[in-house]
Number of protein chains: 2
Amino acid sequence: MKKRTTIHDLAKQLSLDSSTVSRALRGSPLVKQKTKDIVNDLAIKLNYKPNRLASNLRSNKSNTIGVIVPRISRHFFSSAISGIEEEAYKKGYNILICQSQDKFKYESKNIDNLLHNRVDGLIISLSLETRDLSHFSELFESETPIVFFDRVPMNALEYRPIIKIVNDDEAISYNATTHLINQGCERIAYHSGPDSISIYNARLKGYYKALKKASIPILKNMIFYSNLMLKDGVDFARKILELKKLPDAIYSANDTTALSSMQYLKSQGIRIPQDIKMIGFSDEPASAMSDPTLTTVDQSGVEMGKVAVKKITDLIENREEMQLQSNQIITMNSTLIIRESSR
Amino acid sequence: MKKRTTIHDLAKQLSLDSSTVSRALRGSPLVKQKTKDIVNDLAIKLNYKPNRLASNLRSNKSNTIGVIVPRISRHFFSSAISGIEEEAYKKGYNILICQSQDKFKYESKNIDNLLHNRVDGLIISLSLETRDLSHFSELFESETPIVFFDRVPMNALEYRPIIKIVNDDEAISYNATTHLINQGCERIAYHSGPDSISIYNARLKGYYKALKKASIPILKNMIFYSNLMLKDGVDFARKILELKKLPDAIYSANDTTALSSMQYLKSQGIRIPQDIKMIGFSDEPASAMSDPTLTTVDQSGVEMGKVAVKKITDLIENREEMQLQSNQIITMNSTLIIRESSR
DNA sequence: CTGTTAGCGCATTCAG
DNA sequence: CTGAATGCGCTAACAG
C-alpha cells in the first residue's frame, strides 16, 4: 500500500504549518482566501484524501450512524436502509448496518459492536424476540441518540423517554377492516404476529375497533397468532379450511404470510376474491403488483428511513434537546390500495 | 457524553503500563496468562470497550469493507448485502454500504467516499451506466483489493487483472431457452438490458446459442433492449401485441420487467402460459411465489455475498496473492425453476 | 491570519 | 515477560 499524502506533506511543500493546512482544507474563516486556494490546488494535484479515521479519532466523532434491522433482505427494511443511506450520505454521515436476524442475542451483539465503533447515533427496528430494553443500558448511559422505527418499544418509559417513528398501523388497519365490512364481510379471519410487537399489536387493535364500531362480535377462534414465517401462512390457510364455515374474508397482518396463505387457498380451489376476500399488509411492491386480487396496505420504508436520519442528525448535532421530557412519536401515513373493487 | 474507559485507565488501576494492557487485551503470547486474566477481569468490571477508531488509525486498517451496489432495495442486492453482512461480521469486519443509483456519477462519488474512509477492500456490482473503470484508478493505485460481483467489467484487462464473481448466466439462459424450445416454442421474443452490462450480454448469448443449437433462425425484430424500468416491461408487452403474429414465448432477462410485462399481457386477456409461455430472471422470491405461471431463473444473492467476503478477506489478509496474473472468475450456480409443466 | 504545542486511544518498536 | 518511548493523521487550544 503506497503511502498516501497527508496534511503534513502539503504543509511542507507550501512552507506552511499543518494546522493552517487543516483549517484551509475545511474552509475555516480564519484562513485567508488566497492561502485556501493554494492549499486546495496542491491538495488536488497531490490527490490528497483526508483520513477520516484520524479526524474521527481526534474529534471523538465517528461520523457514523449505526443501523440495526431484523433482516436486510426483507423489502421493507431494505427500502428503509435505502432511504437511510440516501439521507445520511447527503448529510455527510456513513452508516454501519447490522442485522439482528430477529434474535435478541444478535441484537445485543450488534449494539455492542456499534458501541465499539463509537457510532454517533443509532437507528433501530427491534427484533421479534425483543421484550425489553435491558441491552440498551450502555447506549443510554453513553447518551448516544437513538431513534426507533417501525417495530418500536411498547413501554419504554421505564427506561427513559425515547423517540419513535411508526406507521399509522392502527388507523390504517381500522380502515382496511372497515373496507371489508363495507363489502358485506362479517366473519373476518385474522392472522396476527406476536402481540408483544408494536406493529402487530396496533394492527390487531385497529381490527378490533372496526368490528366493534360495526357491532360485529369478535370471534376469538378466527384470530391466529404466529411468528409469520412462510409456512405459518400455509398453516393458517389450512386452519381456515377446517372451519365448519368459511370466513367471508381473511386479513393477514403480514405480507409474507398473506401471500403464502393466498397461494395455498388458490391451490385448494378457493377463488379470491369471489369465495373469500383477502387483505394483507404489503411492503413488497412486486407481490402487490403481481397479484391484483389482494387489497394491500402499502408502507414506505424509504420515507421512514429518511425521517429517521433527519431526526437522529438533529439529535447528534444538538439541534434538538437530548433530554426528552416524554416519548416522542412521529407517525407516517400508509396507503390502502384497493384492487378488487375496480374489476 | 460520559468519558469511556481506556487502556490507560486499566493500566493505572493495575499499576501496569498501557502497552502491556494493550497486549493482554489482544491475547498476545508475550504476556503471561495471569496478567491477561487480571486485565480482562478489570476490563469487564469497568466495562471497557476498545476504541476502534484509535486502533484503526494506529494500525492503518479500517477493518471495514466497502460495498457499492446500484440499489439497496432491489432484492438481489439486499440479499447480497445480507450475505455480505453475515460473513463480514463473522470475520470481524464492518461494512460500509453505498448505492450508486445505477449512475456513473454516484458510483464515482461512492468510491471517493470509501477512499476517504480507508476501507480495506471493496465489493462492487457496477451501475447500469458504467462502461469503463477510469474512476477506479485511485483504488488500483492504492492497491485496495476489489471484488466485482454480478454486474462485472466485461473487458478489464486494459486496467489490470481483476476478480469477478458471477452467476452462470450464459449457461442457465441457454437452458431456459432450450426448455422453451423443447416445449415447442420457436418464436421467442426477448427483452434484454443494455448490452454493455455483463449479465445481460451473457444472458442474450445463451439465448442465441440455444436457438442456434436448435437451428431456429434468430429474428432481430423479436429482440428488444431497454433500461429495464417497470414501464419498459409494459412497453415491451405492447410491442409484442402489435406483432402480426404473437410469439410462442416471451423471455425477459430481468425480473421487474418480466412481471410488468406479464401483468400487462394478462390485463389484455392473454392467458399465460396457454397463449404465450413466459420465462423470467427472478431474484424476487415473492414474485416467483405469487405467480406460479412464470418459469424463473433463481439466483442467490446471499451466497454470492458470502463468497465475495471470503474472497476479499483472503486478499486483505494476504492469504492470496494480490498481484493477479490474469482475471479470476468464480461462477455460482443458478437454478431453473419450471412451474407450468407441473400443472 | 498563522504557527506552536499538545494530545485523541491505541499499537509497535526497542530496551531491559 | 514488561515498561518507556514514539507516532498514526488530524484538530484545537493558545499565542503571537
Considering only side-chain heavy atoms of [X], which listed nucleotide, [options], is closest?
X: A:V31; options: C:dT2, D:dT11, D:dC8; result: C:dT2
X: B:S19; options: D:dT2, D:dA5, D:dG9; result: D:dA5
X: B:L30; options: D:dC10, D:dC1, C:dA11; result: D:dC1
X: A:R58; options: C:dT2, C:dT12, C:dA6; result: C:dA6
X: B:T6; options: C:dG9, C:dT12, D:dG3; result: C:dG9

Can you check the [X] [atom1] to [N] [atom2] distance for me, whole Å?
X: A:H8; N: C:dT5; atom1: NE2; atom2: C1'; result: 12 Å
X: A:I7; N: C:dT2; atom1: CD1; atom2: C1'; result: 14 Å
X: A:N51; N: C:dC10; atom1: CG; atom2: C1'; result: 15 Å
X: A:R52; N: D:dT11; atom1: CZ; atom2: P; result: 11 Å
X: A:N60; N: C:dA6; atom1: CG; atom2: P; result: 21 Å
X: A:D17; N: D:dC14; atom1: CG; atom2: P; result: 18 Å
X: A:K36; N: C:dT2; atom1: NZ; atom2: C1'; result: 14 Å
X: B:L25; N: C:dA11; atom1: CG; atom2: P; result: 8 Å

Decide yes or no, distance alone: a donor-acceptor N/O pair under 3.5 angstrom between the base of D:dG3 and the side-chain of B:R23.
->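 Answer yes: a donor N or O sits under 3.5 Å from an acceptor.
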Heavy atoms only: give me the nearest A:N117-A:S62 pair and the separation to one decimal.
->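 Scanning both residues completely, I find the closest heavy atoms to be O-CB, 3.7 Å.
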Relative to the 5' end of DNA chain D, which residue comes earlier, B:A54 or B:K32, by the nucleotide with the nearest heavy atom?
->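 Result: B:K32.
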Residue met sooner reading DNA chain D from 5', once A:L53 and B:S15 are mapped to nucleotides =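 Here B:S15 is the residue nearer the 5' end.
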Measuring to OP1 and OP2 of [N], would you say a side-chain N or O of [X] lies under 4.0 angstrom away?
X: B:S59; N: C:dT12; value: no
X: A:R26; N: D:dA12; value: yes
X: B:S22; N: C:dA11; value: yes

Does a side-chain N-to-carboxylate-O contact under 4.0 Å join B:R4 and B:D9?
->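 No.
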Any salt bridge between A:K91 and A:E317, counting N to O under 4.0 Å?
->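 So A:K91 does not pair with A:E317 through a salt bridge.
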Describe the nucleic acid contact of B:T35 in one word from base, sugar-phosphate, nothing, applying a heavy-atom distance below 4.0 Å.
->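 Sugar-phosphate, no base atom in range.
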Pair A:R151-A:S125, side-chain donor/acceptor within less than 3.5 Å =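 No donor-acceptor contact under 3.5 Å links the two side chains.
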Does A:E107 reach the main-chain N or O of A:S127 with its side chain, forming a donor-acceptor pair under 3.5 Å?
->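 Indeed, once roles are kept as given, a pair shorter than 3.5 Å links the two residues.
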